[in-house]
Amino acid sequence: MKIMEVNVRKLKMVLKHPFTTSFGTFQEKEFLVVEVKDEKGNSGWGESVAFHSPWYSEETVETNLHIIRDFLVPIVLENDIIHPEEVNGLFAHLRKNNMAKSAVEGAVWDLYAKREQVTLARALGGQLEKIEVGISIGINENMQELIETVRGFVEEGYKRIKVKIKPGFDVDVMRELRKQFPDVPMMADANSAYRIDDTELLKELDEFGLTMIEQPLASDDIIDHAKLQSQLKTPICLDESIHSLEDTRKAIELGSTKIINIKIGRVGGLTEAKKIHDYCLEKNIPVWCGGMLESGIGRAHNVALTTLPNFVLPGDTAGSSRYWEQDIILPEVTVEDGYITVPEGNGIGYEVDRQALERYTVDKWHFSNQEAPVQ
Ligand code: OSB
Ligand code: MG
């Protein structure tokens with residue numbers, strides 16, 4: 001397939017409710033959307049999950065724009081890509097910058113699936129027709145409000161509740177929530193807020209029967225996580241530490257993790273995400289799909305990936321209305337009884353709402369085959 005045109009947009013959308021993690025509070029989301037077009041006028045869509053600030057990872061909206069514009073766009077315009085699995089290889093000489101790579105690779109996957117007239121889920125090899133969803137709840141120091149928030153989501157049918165924790169907002173919070181919701185599958189996500197010296201404190205979480213604790217220690221660590229796991233009953237799930245299949249293999253071999261949170265952007269795209277999935281299936285390590293407060297485009301990619309068979313734990317991909325007054329896809333992603341029904345349309349299966357897209361766009365860049373700068 002020959003990619004004739006690439007459009008990159010910067011969007012700004014306001015979150016319905018602020019979302020607080022151990023590293024900061026999100027009120028709005030600035031992010032990039034990538035559209036690739038073929039000679040027939042088909043469009044494929046991808047989303048960069050990099051945030052405005054380098055809190056979660058080193059990547060930001062601006063670093064992604066630089067990498068996409070100056071390195072990745074010329075590559076996809078100059079190469080005839082037969083299958084999206086080739087894109088990974090075409091980008092391999094460029095180090096890291098996984099979220100930038102993933103935004104472009106994801107758009108090529110969507111375009112490919114549309115040309116083949118299959119769903120993205122099917123193009124990836126996924127089978128599930130509906131996927132189980134959980135919800136991630138930000139830090140709220142008002143315990144009564146937090147309990148009511150959790151209650152609301154439990155009543156809506158979400159299959160598992162994830163709560164953000166940080167030093168000073170951890171053991172007592174989980175104890176209270178467990179008391180209020182004795183039977184709800186529950187987990188905690190620390191976003192790297194602890195150190196190995198906190199082992200005794202983290203061991204106190206063992207009494208609450210959490211399905212896992214996500215990324216308790218440093219974002220670049222797999223050594224101390226292995227030490228911690230040997231002391232904990234609760235399974236550790238790595239998020240920030242996993243950027244590739246190689247990271248996954250090493251973390252599993254070391255015993256640093258018993259569950260993997262796969263985020264498409266963090267691992268550099270759908271091809272690598274699928275490789276990690278396949279490897280974990282072989283090693284009997286359950287996986288689930290994490291979230292990055294995505295718009296409908298990134299959300300649709302998450303839904304498609306989650307149809308693979310080893311996504312046996314509920315993901316963080318909640319419905320559009322949890323985040324946005326109006327999403328940029330039609331229909332929006334909806335959750336019923338804790339399930340998202342996988343759409344049947346070709347590619348990502350949702351239409352991009354161009355009016356909404358335009359409304360949220362703060363800047364845009366156009367590249368076409370003729371104008372592709374020489375690398
Ligand atoms: O660690 O999974 C995370 C949001 C922003 C950055 C990191 C994380 C999160 C979430 C929310 O937990 C996931 C979502 O609802 O999209
Ligand atoms: Mg996380």
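Atoms within a ligand are numbered from 1 in the order they appear, just like the ligands themselves. Treat the numbers as computed from the prediction; the structure is a model and nothing was measured.
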Pair Asn191, Glu240: side-chain N/O donor-acceptor within cut-off below 3.5 Å:
yes
Output all residues satisfying side-chain hydrogen bond (donor to acceptor under 3.5 Å, both in side chains) with His66, sequence neighbours left out; order by chain, then residue number.
Asp70
Checking Tyr323 now: which residues fulfil side-chain hydrogen bond (donor to acceptor under 3.5 Å, both in side chains) with it, not counting sequence neighbours?
none
Centroid separation under 6.0 Å, is that true for the rings of His277 and Trp288?
no
Just to confirm my output: which protein heavy-atom neighbour is closest to atom 16 (O) of ligand 1, and how far is it?
Leu293 N, 2.8 Å
Note: ligand 1 atoms sitting under 4.0 Å from heavy atoms of Ser136 are 10 (C), 11 (C), 12 (O)
Within the 3.5 Å criterion, strictly below it, is a donor on Asp239 or Gln215 matched to an acceptor on the partner's side chain?
no
All side-chain hydrogen bond (donor to acceptor under 3.5 Å, both in side chains) counterparts of Ser219, not counting sequence neighbours
none
Within 45 degrees of the ring normal and closer than 6.0 Å to the centroid, is that where the cationic atom of Lys101 sits relative to Phe91?
no
Report, in ascending order of atom number, the atoms of ligand 1 lying under 4.0 Å from any heavy atom of Lys263.
1 (O), 2 (O), 3 (C), 7 (C), 8 (C)
Is it the case that the side chains of Tyr360 and Lys10 hold a donor-acceptor pair, with the cut-off being a distance below 3.5 Å and no angle test?
no
For ligand 1, indicate whether the residue Asn191 contacts it via side chain, backbone, both or neither (heavy-atom separation under 4.0 Å).
side chain
Which protein N, O or S atoms lie under 2.8 Å from the Mg ion (ligand 2)?
Asp189 OD2, Glu214 OE2, Asp239 OD2
Please write down residue, atom name and distance for the protein heavy atom closest to atom 13 (C) of ligand 1.
Gly291 O, 3.4 Å
Atoms of ligand 1 close to Phe51 [distance to a heavy atom under 4.0 angstrom, numbered from 1]:
5 (C), 6 (C)
Using heavy atoms and a threshold below 4.0 Å, how should the contact between Glu214 and ligand 1 be classified: side chain, backbone, both, or neither?
side chain
Does Lys164 reach ligand 1, in the sense of a heavy atom lying below 4.0 Å from it?
yes
With ring-ring contact (aromatic ring centres under 6.0 Å, His included) as the test, would you mind laying out the steps for Trp55 and Phe26 before giving the verdict?
CA-CA 11 Å; Trp55 287 343; Phe26 296 85; 5.1 Å; yes
So, is Glu240 polar-close to ligand 1, with some N/O to N/O distance under 3.5 Å?
no
For atom 4 (C) of ligand 1, what's the nearest protein heavy-atom neighbour? Residue, atom name and distance, please.
Phe19 CE2, 3.7 Å
Proximity flag Thr21 to ligand 1, non-hydrogen atoms under 4.0 Å
no
Do Val171 and Val184 belong together in a cluster built from hydrophobic side chains that touch within less than 4.5 Å?
yes
Arg69 side chain reached by Trp365 side chain, heavy atoms, under 4.5 Å
yes
State if Trp55 counts as touching ligand 1 under the rule of any non-hydrogen atom under 4.0 Å.
no
Do any N/O atoms on Tyr323 end up under 3.5 angstrom from N/O atoms on ligand 1?
yes
Please work out, at 4.0 Å between heavy atoms, whether the side chain, the backbone, both, or neither of Asp189 comes within that distance of ligand 1.
side chain
State whether the shortest distance between N or O atoms of Asp239 and N or O atoms of ligand 1 falls below 3.5 angstrom.
yes
Is there a donor-acceptor contact under 3.5 Å linking the side chains of Ser43 and Glu35?
yes
Would you say Met187 ends up clustered with Leu201 if hydrophobic residues are merged whenever their side chains have heavy atoms under 4.5 Å apart, either directly or through other cluster members?
no
